[in-house]
Amino acid sequence: MLQSIFRGLSGNRRHRVVACLVAGVLLLPLTAASSATVSEKKEPGRQIADMVTKQRYFWDTVDHSKLKELQQVFTSGEQITDACLSCHTDADQQLKKTFHWTWTDPNSPEKNRRGKAQYSVNNFCLSTNAMHDHHCSECHIGWAGKGKAAAIDCLRCHGQKKFNFEEAFEDYEAFSTSGDEDDREMANEAQSEIQEAAQAVGRPTRRNCGSCHFSGGGGDGVKHGDLDSSMTTPHKSLDVHMGMDGQNFECVRCHTTIRHNVAGRFYATPAASQRESLIENDLSQKIMCESCHSAQPHKVGSKMNDHTDTVSCQTCHIPSVARVLPVQMWWDWSKAGKMKDGKPYEVKGPYDRLTYASTKGDTRWGKNVPPEYYWYSGSLSGPTLKDSIDPTQTIRLAWPVGSRKDKNARIFPFHVHRGQQPYDIERNKLLAPLLSGENGFWTTFDWKDAISRGQKFLDLPFSGKYGFVRTEYVFPSTHMVAPKDQALACAECHTRPKSRLANLTGFYMPGRDRIKVLDLAGWVLLFGSLCGVMLHGLGRFISNGKGRKG
Amino acid sequence: MRKLIILAITVFFAFSSAGICFAGAKANARKGKYTYRKVYKSCHKRGEVESATPLLSPDTKTMAQWDKVFDKVINNKDENKPATELVDDDFFEQFKCKEEWSKLTGKDMINVHAYLRAHAADSPSPAKCK
Amino acid sequence: MSENKLESKITKIYLFTRYERFWHWLQVAMIFTLIITGLEIHDLFGFLGFEKAVATHNTIGISWLIAFGIFVFWVFTTGEWRQYIPTEKKMMAVIRYYSYGIFKGESHPFPTRREAKHNPVQRLAYLALATLLLPLQMLTGFLYWSYNSWEAWGLNFLTLKEVAAVHMAGAFAIASFIIVHVYMTTTGHTVFAHIKAMITGWEEVETEEDVNGWDQRTH
């Protein structure tokens, strides 16, 4: 009780803090002041350009360009990987156990495994058909999109040079086999470029991670809403942590990586098993806001601190997603396959994005999209290709797990991607058509054939009859954290009827909720009182027209 | 007489198709890519341009636009003609690095054009220079 | 016209001490602010903005709670509590006066005196207000404010909806009281006589009438 009174009286303390700050500012060393004025003079664009090009700082004690192992002639990606492993002996064994390689959620039931390589299904490119769809494997971290059969492509995550190895190997091969002197010179040129790129290694940057995660779903910003190529070189207003004019965080700054195991949620497995800050455990993962900001991140006495047991930081601090580039909102596969003059075609719509493609169907895009809010404990659930569905309902392929009663759950923002996709009318299960390749739907435009081929790769049956069912898929919005002055105001939620949390029921929220009968009764009472005294006054005025008394 | 006409037509076709094949064999886009990059690498070393990356990526123009820029190159028959004679001053306004371009021959220019055209904006594989 | 006659009967008595007057007007300011900010929190209009409205409501609410504690102390140490002891004597007469006599121009059956500032209806109303309504409002307000500590205090059986409902009902009741209360101030011998008394402390009262000696203090 005393504690909460102190909370209420913290105004004095705030004043003290302000006084200290003023004193601190006065004592700031001149150097800091002068450097501040220098950076102020530069235009924001120039400032960002400087940061992109400025020397990156590493703790590393190895200059990879000096290693003999990386100065040999490389004719294939596998040779580069071998060179890496000749020093980093256990890296491949570590990596091959991780989710990034297996695309399998190890915590899912053995008979119904989740993961891209397994029976999971989404409402984008649906399934990888047990990684037989090579288009999907382009993002797998093996060389040349060959999936798990290939050697690990270390440079996909560690390469610091944007470089097309496949093309360079081809060029080298072509030039080096020719006898022409010119060609030999060019072969050397190609090889030295390969070596230069192989030597430029370092910790993964936003560009490395983004090469896959920014274009999930087959294009820039298709999937997440809070991840797209605008995050490669973000401004502070887009992401207060990663902003290059601010903290300039790389992904791995928060996605703590231990033995190649990158912290993060996948499917039903939460990113962290418990809420703890680095103050409580300095070796803790930095994956949650709380890890650095603690559970009471606001000023002492701030009402916002009282919200952290039910409202996630993201809810208020990510007012909208897709703030720079658009995000896909809707993908209707049932419209795919239409032809114009016997040929597949495309239609471009707003934001310079396709709204129709014969290969993919109808798509819709949005920008500055406000998230939807649900209770979330850090785990997502949904049916796999093996689970039965009720096609009369909208199928929630990935949906937040949690409720108000769950102590670990918080109200959390989500980008929700909706659409229609094929399912087996007789078996009432979702289907996984093969999309890319010469037999895929994108070439044949034959659903039935593409589905039977796709299902066969997964060893799953297909009745031959398919229909389309509405589905939705959520992405927790956790990136694109806006600067604090852009955080949601109280009244975005504490209001009616347009509260951002209007869909969450079962609890009373000031401003959003009211007891209608009570309010009505209250206003009747007030109105009645007012009428009563007015009538009384009128009575006095009329009856005592001559004077008040006597 | 009739035979002569047939012969003439045959000879014409043989030559023209050979010419096409010849030209096709000559234009090496792969080489063109390295030649094009080399221009800017040395130009950057000399200090005229800020970056070693070529100023114009293939995907900055359509195939037809590239054809227009390399108009004289396409119609040129002399492999060893200096590049300066195949482009006008307008070209260097856009591409800069006149010193390096001057060292290229007609053959080099055909390759460069082939590379740029192969990865133009409306080509099957538009590309950016790195 | 009859004012001359009236004035001759009027004497001034010092009815409200400086503290009492201060307390009254402080409460006026605080309750007014609480109602305005409370209604904004209830999303009836936008004025300060939700965040500032909540902060203001909380600060004023807690201040009122403390100030009310001081008032209770004052009431008991000065013996002023006696002014609030309810009585049924003359109660009917007062009710009859306000519902009938006042229209006829009758005199108030209970002229104010220093020893008895409030008439029986006032006593009952103020007593109910000070011992039931305001404490209830303060209690529910305090609970509302300390919502996050309920679990630690073992108050988990409460729900915010219940507390909010009682707090809201209390607010309506207080607002209704204020409407009637403010109107009643106009029923003095002039429209602003009572308000003037609450500002200056001096009430002008008619002295000639006998008060039947009820509630006479025995010394």
Side-chain angles (χ1 to χ4, degrees), chain A residues 1 3-5 7-9 11 301-310 489-497 499 506-515 517-519 521-534 536-550, chain C residues 1-3 5-6 40-44 46 49-55 58-59 61-62 98-99 102-108 142 144-149 151-153 159-166 168-169 171-173 175-180 182-184 186-191 206:
Chain A
M1 174 147 158
Q3 199 189 349
S4 63
I5 287 174
R7 247 191 271 157
L9 293 175
S302 159
K303 186 66 199 160
M304 266 85 86
N305 278 339
D306 291 345
H307 283 66
T308 57
D309 57 337
T310 47
C490 310
E492 291 274 339
C493 300
H494 291 276
T495 185
R496 63 179 165 261
S499 167
F507 58 97
Y508 186 90
M509 225 176 102
R512 183 195 71 166
D513 297 322
R514 60 174 161 178
I515 301 156
V517 186
L518 177 73
D519 277 20
W523 290 113
V524 167
L525 174 71
L526 292 191
F527 191 67
S529 310
L530 203 64
C531 287
V533 298
M534 277 163 71
H536 198 271
L538 198 68
R540 275 164 61 204
F541 183 73
I542 293 168
S543 66
N544 284 336
K546 295 165 247 135
R548 275 277 298 108
K549 278 183 184 183
Chain C
M1 357 175 149
S2 53
E3 260 151 25
K5 214 167 114 197
L6 199 69
E40 178 166 11
I41 294 165
H42 202 54
D43 200 33
L44 260 106
F50 194 89
E51 191 174 358
K52 275 205 181 114
V54 170
N58 287 350
T59 311
I62 298 296
Y98 281 116
S99 53
I102 193 168
F103 300 116
K104 292 276 156 192
E106 289 173 13
S107 294
H108 199 287
F142 184 78
Y144 212 138
W145 179 67
S146 59
Y147 172 71
N148 276 68
S149 305
E151 203 179 319
W153 299 347
T159 68
L160 192 61
K161 190 175 181 174
E162 293 159 3
V163 172
V166 178
M168 195 69 206
F172 277 123
S176 168
F177 165 82
I178 290 168
I179 291 172
V180 178
V182 169
Y183 170 71
M184 293 299 270
T186 67
T187 61
H189 68 93
T190 65
V191 170
E206 297 159 272

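Around atom CZ of A:F507, more than 12 heavy atoms belonging to other residues, nucleotides or ligands sit under 6.0 Å away. More than 12 heavy atoms of other shown residues, nucleotides or ligands fall within 6.0 angstrom of atom CD in A:E492.
Considering all non-hydrogen atoms of both residues, C:F50 and A:C490 come closest at CD2-CB, 3.3 Å.
Only the side chain of A:I515 comes within contact range of chain C, judged by heavy atoms closer than 4.5 Å. Residue contact with chain C, scored on non-hydrogen atoms closer than 4.5 Å, involves the side chain of A:M304 exclusively. Interface remark: A:D519 contributes backbone and side-chain atoms alike to the contact with chain C (heavy atom separation under 4.5 Å).
C:K52 pairs by the salt bridge (Lys or Arg N to Asp or Glu O under 4.0 Å) definition with nothing, not counting sequence neighbours. In this view, C:E40 satisfies the salt bridge (Lys or Arg N to Asp or Glu O under 4.0 Å) rule with no residue, not counting sequence neighbours.
Interface remark: of the candidates C:Y147, C:F177, C:Y144, C:Y144 forms the most heavy-atom pairs closer than 4.5 Å to chain A. Your options are C:T159, C:V54, C:L160, and the one with the most heavy-atom pairs under 4.5 Å with chain A is C:L160.
The aromatic rings of A:H536 and C:Y183 stand perpendicular to each other, their planes meeting at an angle above 60°, with 30° marking the opposite boundary.
Here the side chains of C:T187 and A:R540 are in contact, with some heavy-atom distance below 4.5 Å. A:K303 places a side-chain heavy atom less than 4.5 Å from the side chain of C:N148.
Here the OG1 atom belonging to A:T495 is positioned 11.5 Å from the NE2 atom belonging to C:H42, to the nearest 0.5 angstrom. Atom CZ of C:F172 sits about 11.0 Å away from atom OG of A:S529, to the nearest 0.5 Å. Separating the CG atom in C:D43 from the CZ atom in A:R512 is a distance of 12.0 Å, to the nearest 0.5 Å.
Among C:T186, C:V182, C:V180, the one residue that satisfies the side-chain contact (heavy atoms from CB on, under 4.5 Å) test with A:V533 is C:V180.
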